[in-house]
Amino acid sequence: MKRRDVLKGGVAALAGSAAVISAPAIAQNKIEITMVATWGRDFPGLGTGAQRFAERLTTMTDGRIKVNYFAANERVKAFDSFDEVASGNAQMYHAADYYWKGKHPGWAYFTGVPFGMTASEINAWMRFGGGQELHDELAAEYGLKCLPCGNTGVQMGGWFRKEMKSAADFKGLKMRMPGLGGDVIAKMGASPVSLSGGQIYENLMSGAIDATEWVGPWNDSFYKFYEAAKYYYYPGMHEPGSQLSLGMNKKFWDGLSKSDQAIIRAAAETENCVMMAEYNAKNGAALASLIADQGVKLRSFSDDTYDAFGEAAAEVFAEVQQHSPMAKKIHQSFVKSRNEVGAWIKISDQAYVQQRNRVLGL
Ligand code: CA
């Protein structure tokens with residue numbers, strides 16, 4: 001008997017049984033996803049976190065949902081990820097949504113804004129303060145659906161060739177700083193530049209920029225910014241808990257079953273937690289190594305500099321709210337949560353850590 005006859009006979013023999021009914025149903029639910037990212041292949045934390053999410057989604061479904069992952073420049077350039085997914089050419093991106101603030105300033109709030117929220121604070125806003133609903137409303141205008149999918153925690157203030165003793169030192173400074181933080185230093189006389197991670201080192205080495213921020217000690221050490229700038233400042237006012245985003249084509253998302261949506265949510269929630277844990281676990285040792293092995297000089301911004309950041313940020317936020325009713329709505333919801341949650345953090349996490357470290361001499 002020829003092979004195709006065996007197959008024909010097999011199907012006929014099984015006709016009407018549960019096996020035949022369920023097999024095509026499973027086949028129909030196979031989903032192949034093209035995912036792009038704003039991070040280089042295997043870049044620790046951001047890239048590996050996005051790749052870990054993609055692998056998790058495939059593992060959780062025994063390969064039924066297959067994710068074909070493309071790092072920055074493997075399919076599209078980093079900053080073309082938004083259009084690739086909004087247009088439906090790809091189904092998912094992993095990115096920092098503040099990269100899209102040129103399309104609408106509201107996007108910045110779903111990554112991090114100056115004087116914004118820490119990781120635990122933004123988690124509270126997103127889930128219980130109306131943040132996710134506003135992210136949905138904004139994203140829908142662009143044909144997208146986004147979910148939190150990672151967080152870097154508080155970022156460092158950046159790498160500088162000279163000491164930044166006062167706010168005046170920002171005048172004339174060309175600094176890589178995306179998001180609304182860039183607008184804040186522009187008010188202080190600096191020229192902010194937005195570059196993807198992989199472009200920063202060469203621009204810093206060539207002198208095309210004077211300074212840069214990126215993430216924190218663990219991530220920054222891989223890019224070797226210390227070869228061009230030795231002064232490493234903290235804390236960054238511009239990104240106090242940067243949330244990464246899983247952006248999906250909305251038609252793709254709306255067409256999924258409730259169960260597949262729940263699986264994707266769970267995979268993204270897991271990454272949101274795991275990435276933050278990884279940054280906290282690795283930043284301390286990385287900072288110690290930067291100081292001991294690379295001669296990095298750690299400095300904190302002065303109160304005077306921080307006051308100037310605050311004044312400039314107030315001007316930026318006044319302008320953002322004038323952009324559109326949507327921008328104003330997002331800003332006001334964000335501020336309400338920041339102030340409410342922040343008042344609790346002040347007498348809980350902040351007060352406790354301060355006393356613990358004082359008593360233990362940490
Ligand atoms: Ca950053």
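Lys187 and Glu319 are joined by a salt bridge, as a carboxylate oxygen and a charged side-chain nitrogen come within less than 4.0 angstrom of each other. Of the charged side-chain nitrogens involved, at least one lies within less than 4.0 Å of a carboxylate oxygen, so that Arg64 and Asp260 count as a salt-bridged pair. With respect to the salt-bridge test (charged N to carboxylate O, under 4.0 angstrom), the residues Glu269 and Arg127 qualify.
Looking only at distances, no side-chain donor or acceptor of Asn89 sits under 3.5 Å from a matching main-chain atom of Glu84. At least one donor-acceptor pair closer than 3.5 Å links the side chain of Arg338 to the backbone N or O of Phe115. With hydrogens and angles disregarded, no donor-acceptor distance shorter than 3.5 Å links the side chain of Asp80 to the backbone of Val76. For the pair Lys230 (side chain) and Gln294 (backbone), a donor-acceptor distance under 3.5 Å is present. Of the possible donor and acceptor atoms, one in the side chain of Asp210 sits under 3.5 Å from a partner among the backbone N and O of Lys174. Between the side chain of Thr59 and the backbone N or O of Glu55 there is at least one donor-acceptor pair closer than 3.5 Å. At distances below 3.5 Å, not a single donor-acceptor pair connects side-chain atoms of Asn339 with backbone N or O atoms of Lys336.
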Stepwise side-chain contact (heavy atoms from CB on, under 4.5 Å) check, Tyr93 with Thr34:
CA-CA 9 Å; Tyr93 68 66; Thr34 299; over 6 Å; no

Test side chain to side chain donor-acceptor pair (under 3.5 Å) applied to Ser242 and Glu239, step by step
CA-CA 6 Å; Ser242 293; Glu239 294 187 63; 2.5 Å; yes

Kindly indicate, with the supporting measurements, whether the criterion side-chain contact (heavy atoms from CB on, under 4.5 Å) is fulfilled by His104 and His323.
CA-CA 8 Å; His104 193 295; His323 172 273; 3.7 Å; yes

Report the C-alpha distance between Glu227 and Met205 in whole Å, list the side-chain angles of each, state the deciding distance to 0.1 Å, and finish with yes or no for side-chain contact (heavy atoms from CB on, under 4.5 Å).
CA-CA 8 Å; Glu227 291 180 357; Met205 288 301 279; 4.3 Å; yes

If you apply the rule salt bridge (Lys or Arg N to Asp or Glu O under 4.0 Å), what do you find for Glu137 with Lys329, and how did you get there?
CA-CA 11 Å; Glu137 193 176 334; Lys329 191 160 72 166; 2.9 Å; yes

Please evaluate residues Glu311 and Met188 with respect to the criterion side-chain contact (heavy atoms from CB on, under 4.5 Å), reporting the C-alpha separation (whole Å), side-chain torsions for both, the decisive distance (0.1 Å), and the verdict.
CA-CA 9 Å; Glu311 285 170 25; Met188 296 164 68; over 6 Å; no

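Distance check: Asn73 CG to Trp39 CH2 gives 13.5 Å after rounding to the nearest 0.5 Å. With values rounded to the nearest 0.5 angstrom, His238 atom NE2 is found 12.0 Å from Thr111 atom OG1. Once rounded to the nearest 0.5 Å, the distance linking CE of Met92 with CG of Leu147 reads 8.5 Å. Rounding to the nearest 0.5 Å gives a distance of 10.0 Å between CE of Met164 and OG of Ser302. With rounding to the nearest 0.5 angstrom, the NZ atom of Lys101 is 11.0 Å from the OH atom of Tyr109. One finds the CD1 atom of Ile200 at 7.0 Å from the CD atom of Glu213 (value rounded to the nearest 0.5 Å).
Considering every non-hydrogen atom in both Thr38 and Ala95, the closest pair reads OG1-CA, 3.4 Å. Between Phe225 and Tyr201, the shortest heavy-atom contact is CE2-N, 4.0 Å. Counting all heavy atoms, side chain and backbone alike, Ala267 lies closest to Arg56 at O-NH1, 3.1 Å. Among all heavy-atom pairs drawn from Met275 and Gly49, the shortest one is CE-CA, 3.9 Å. Nearest heavy-atom pair across Tyr69 and Ala71 is CE2-N, 3.8 Å. Of all heavy-atom pairs spanning Gln261 and Asp254, the tightest one is NE2-CA, 4.3 Å.
In this structure, Trp125 and Phe110 have parallel ring planes: the angle between them is below the 30° cut-off, well short of the 60° mark. The aromatic rings of Tyr233 and Tyr231 sit tilted relative to each other, their planes meeting at an angle between 30° and 60°.
A side-chain donor-acceptor contact under 3.5 Å links Ser245 and Asp97. Judged purely by distance below 3.5 Å, without hydrogens or angles, the side chains of Asp83 and Ser87 never pair a donor atom with an acceptor atom. No hydrogens or angles considered: a donor-acceptor pair under 3.5 Å links the side chains of Ser196 and Gln199. A donor-acceptor contact closer than 3.5 angstrom links the side chains of Asn272 and Asn123. Between the side chains of Gln51 and Thr48, no donor N or O sits under 3.5 Å from an acceptor N or O. Side chains of Tyr226 and Asp220: no donor on one and acceptor on the other come within 3.5 Å.
Phe79 and Leu144 fall within a single hydrophobic cluster, where Ile, Leu, Val, Met, Phe, Trp and Tyr side chains are chained together by heavy-atom contacts under 4.5 Å. In the hydrophobic cluster analysis, where Ile, Leu, Val, Met, Phe, Trp and Tyr join through side-chain heavy atoms closer than 4.5 angstrom, Tyr99 is grouped together with Ile122. Clustering ILVMFWY residues whenever any of their side-chain heavy atoms sit less than 4.5 angstrom apart, transitively, puts Phe160 in the very cluster that holds Leu298. Val341 and Met117 fall into different hydrophobic clusters, where Ile, Leu, Val, Met, Phe, Trp and Tyr side chains are chained together by heavy-atom contacts under 4.5 Å. No chain of hydrophobic side-chain contacts below 4.5 Å, direct or via other Ile, Leu, Val, Met, Phe, Trp or Tyr residues, connects Val335 to Val184.
The closest side-chain heavy-atom distance from Pro44 to Asn219 is below 4.5 Å. Side chains of Val274 and Arg52 form a contact here, defined as non-hydrogen atoms less than 4.5 Å apart. With contacts defined as side-chain heavy-atom distances shorter than 4.5 Å, the pair Phe70/Ser81 does not qualify. Here the side chains of Ile65 and Thr58 are not in contact, with every heavy-atom distance at 4.5 Å or above. Looking at Leu173 and Ile209, their side chains never come closer than 4.5 Å, going by heavy atoms from C-beta outward. In this structure the side chain of Ile33 never reaches within 4.5 angstrom of the side chain of Asn68, judged on heavy atoms. In this structure the side chain of Leu244 reaches within 4.5 angstrom of the side chain of Thr152, judged on heavy atoms. At a threshold of 4.5 Å between non-hydrogen side-chain atoms, the residues Gln132 and Pro148 count as touching.
Under the 6.0 Å cut-off for aromatic ring centres, Trp107 and Tyr98 do not qualify, their centroids lying 6.0 Å or more apart. Under the 6.0 Å cut-off for aromatic ring centres, Phe53 and His94 do not qualify, their centroids lying 6.0 Å or more apart.
When each of Glu271, Lys145, Met35 is paired with Leu246, the side chain to side chain contact (heavy atoms under 4.5 Å, CB included) condition holds for Met35 and for no other. The ring-ring contact (aromatic ring centres under 6.0 Å, His included) test with Tyr223 singles out one residue from Trp218, Trp214, Trp159, and that residue is Trp214. When the options Tyr232, Tyr234, Phe309 are evaluated for a ring-ring contact (aromatic ring centres under 6.0 Å, His included) with Phe301, the one that passes is Phe309.
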